[in-house]
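Contents: one structure, followed by commentary.
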Protein chains: 2
Amino acid sequence: MQMLKHNLFEQRTIGMPASCGETLFLEGEPCDEVFEIRKGMARAVSMSREGERQILAFFFPGDFIGLPLSRHHRYSVEAVTDLVHVRHSTQRWQESLARTCQEDSSMLKSVWREEKAFIERGLILGRVGALARLSAFLIVLSKHLPTEHGLCALELPQTDIASYLAASPETVCRGLKRLREMQIIAMPRRDRFAIQYPARLELLAEGILA
Amino acid sequence: MQMLKHNLFEQRTIGMPASCGETLFLEGEPCDEVFEIRKGMARAVSMSREGERQILAFFFPGDFIGLPLSRHHRYSVEAVTDLVHVRHSTQRWQESLARTCQEDSSMLKSVWREEKAFIERGLILGRVGALARLSAFLIVLSKHLPTEHGLCALELPQTDIASYLAASPETVCRGLKRLREMQIIAMPRRDRFAIQYPARLELLAEGILA
DNA sequence: CGGTGCCTTGAGTAGGTTCAATGTTTGTGG
DNA sequence: CCACAAACATTGAACCTACTCAAGGCACCG
């Protein structure tokens, strides 16, 4: 295991806490720091001039965000849950990128993960039908969320899901209800869920099942 | 002007032609080459298992695509119009990135442009109302397309627009008609358009105007 | 115990999809 | 040069989904 050597940013530094709702950085601010999520969940938010809020992506432990690809941040990032994160100096990140990107591509991968998060939403929003979008989202979520006793912790207001899916909160609520009734997911509590029939959920996500 | 020195990829190499409809690379292929668009227009396409086709992004002259952020391409790229492009070795691209990314961020910018293309679609798909999405798309397009006599060359089938906007072709057609009737855009031919009232188009895009 | 924020449910409506038919443009071969 | 085919664009009508509006329920917090 030489992973540690390659990437300065993986370990070593001490995580800082941020509490639910806190803003890590704002759209338009200069890219001085790279943020690494260690624990919890964050959201990328974009605001149109008239205050229309859109959630562009969610980020999970291991993700690096606010990469200095442009001079200023193109989106704000807020903590969805309480989280632990690390701030790295942009300059050191860039140096480390220069150093490692000839040998391996571990740091380019972190660039990729940021990009992937945005592509993912595009793919989800491109689907027809609110149930298909919701299903696709749950599948993605379940791969990132910590699981215990077979239950995913869904510490995410439905309003956020709605904003991410470009749907109304009511539609999200009804969609979840529908999935429960179809026994495809279980939700013993509002903030816990389990996928009971992954195959059927996939079918829904692909728009095959009604 | 020291731009040329920084980035190996900007000039010098000879462009190769590709004709309308041609595939530059396929989803799943290894990232051996980086593609630079010199002239024309390309589209990123993703296929779901059942053959559901989605257009994820459009690319324009100056864009670098197929960046080696992951081992395999996450989307296919096809020529929308006849185009001229350059293929760079991934290895040399990476070396050049390592060399330049300490001094300036010109190459990181090209990473950013790829990412931006995906974010852009997310922002557009997040809007409510087909007219708003279409308007937002036209605004973006008009900034990229070559203009002559005040007319943008829209060498883009409406079906592609529909796929990009996650709408049916009929809706796109009716939307364009509506914009023409409102005198916000002019379309003397099917493949030419001009924005007559940018301000009103923006309002539509923001969902303010009906 | 009352408040506040979020979730849930219902009813009515508007907007977009689908289906189907027609029109237009482009390219091809006679 | 014309005729025909294929692909794309346009239009209308019926249907249906998801949104809006509005009211009530639940849970957490002081």
Side-chain angles (χ1 to χ4, degrees), chain A residues 19-21 43 52-55 80-82 124-138 153-181 185 187-193 204-205 207-210, chain B residues 19-21 43 52-55 78 80-82 124-138 153-182 185 187-193 204-205 207-210:
Chain A
S19 49
C20 166
R43 61 181 170 234
E52 194 81 44
R53 235 177 93 96
Q54 258 195 67
I55 294 181
V80 175
T81 65
D82 290 342
I124 289 175
L125 291 188
R127 313 199 177 207
V128 290
L131 241 189
R133 290 204 290 272
L134 180 58
S135 302
F137 178 62
L138 289 179
L154 184 72
E155 296 177 31
L156 183 66
Q158 290 185 11
T159 51
D160 277 12
I161 301 179
S163 168
Y164 180 83
L165 295 180
S168 68
E170 291 92 335
T171 301
V172 171
C173 177
R174 287 188 248 260
L176 288 171
K177 186 188 176 191
R178 187 98 187 282
L179 291 176
R180 262 178 276 139
E181 287 170 355
I185 64 169
M187 284 186 72
R189 297 173 39 182
R190 248 217 287 282
D191 58 351
R192 293 278 184 283
F193 80 100
L204 277 176
I208 297 172
L209 228 71
Chain B
S19 49
C20 165
R43 61 181 170 233
E52 194 81 42
R53 235 177 94 94
Q54 257 195 70
I55 294 181
E78 304 164 358
V80 175
T81 65
D82 290 342
I124 289 176
L125 291 188
R127 311 197 180 212
V128 290
L131 242 189
R133 290 203 291 271
L134 180 58
S135 302
F137 178 62
L138 289 179
L154 184 70
E155 297 177 30
L156 183 66
Q158 289 185 12
T159 52
D160 277 11
I161 301 179
S163 168
Y164 181 83
L165 295 180
S168 68
E170 291 91 335
T171 301
V172 172
C173 179
R174 288 188 247 261
L176 288 171
K177 186 187 176 193
R178 187 98 188 283
L179 291 177
R180 263 178 275 138
E181 287 169 355
M182 296 169 93
I185 64 169
M187 283 186 74
R189 297 173 38 181
R190 246 213 289 276
D191 59 350
R192 293 278 183 285
F193 81 100
L204 277 176
I208 298 172
L209 227 71

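Naming: A, B, ... by sequence-line order, numbering from 1 per chain.
A:Arg192 places its CZ atom 15 Å from the P atom of D:dA27, with the value rounded to the nearest Å. Rounded to a whole Å, the CG atom of B:Asp160 is 9 Å from the P atom of D:dC8. Distance CZ (A:Arg178) to C1' (C:dT8): 17 Å, rounded to an integer number of Å. One interatomic measurement links the two molecules: CG of B:Leu156 to P of D:dC8, which rounds to 12 Å at whole-angstrom precision. Note: CE (A:Met187) to C1' (C:dC7) measures 10 Å, nearest angstrom. One interatomic measurement links the two molecules: CG of A:Leu134 to C1' of D:dT17, which rounds to 15 Å at whole-angstrom precision. Atom pair A:Leu165:CG and D:dA18:C1' shows a separation of 13 Å (rounding to whole Å applied). For B:Arg189 and D:dA9, the CZ to P distance is 13 Å, given to the nearest whole Å.
The closest donor-acceptor contact from the side chain of A:Arg53 to the backbone of A:Ser163 lies at 3.5 Å or more, if one exists at all. Not one N or O on the side chain of B:Arg127 forms a donor-acceptor pair closer than 3.5 Å with the backbone of B:Arg133. A distance-only check finds no donor-acceptor pair linking the side chain of A:Asp191 to the backbone of A:Leu154 [under 3.5 Å].
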Donor-acceptor contacts under 3.5 Å from residues 165-182 of chain B side chains, at least two apart:
residue, atom, partner, partner atom, Å
B:Ser168, OG, B:Thr171, N, 3.3
B:Ser168, OG, B:Thr171, OG1, 2.9

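B:Arg190 CZ to B:Glu155 CD: the interatomic distance, rounded to the nearest 0.5 Å, is 14.0 Å. Annotation: the span from B:Ile55 atom CD1 to B:Leu156 atom CG amounts to 7.0 Å, rounded to 0.5 Å. The CG atom of A:Leu204 sits 10.5 Å away from the CD1 atom of A:Ile185 when rounded to the nearest 0.5 Å.
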Go through the steps to decide whether A:Cys20 and A:Asp82 satisfy the test side chain to side chain contact (heavy atoms under 4.5 Å, CB included), and finish with yes or no. CA-CA 4 Å; A:Cys20 166; A:Asp82 290 342; 3.4 Å; yes
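Rotation axes derived from the C1' atoms of the five outermost pairs at either end of the helix from C:dT8-D:dA23 to C:dG30-D:dC1 lie 40° apart, to the nearest 10°.
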B/S/- along nucleotides 9-17 of chain C (protein heavy atoms under 4.0 Å) is BBB----SB
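Contact detail for A:Tyr164 and A:Leu125: the closest heavy-atom pair is O-CD2, 3.7 Å.
Comparing A:Arg190 and A:Pro169 by the nucleotide of DNA chain D whose heavy atom lies nearest to each, the residue mapping closer to the 5' end is A:Pro169.
For B:Gln158 and D:dT10, the shortest distance from a side-chain N or O to OP1 or OP2 is below 4.0 Å.
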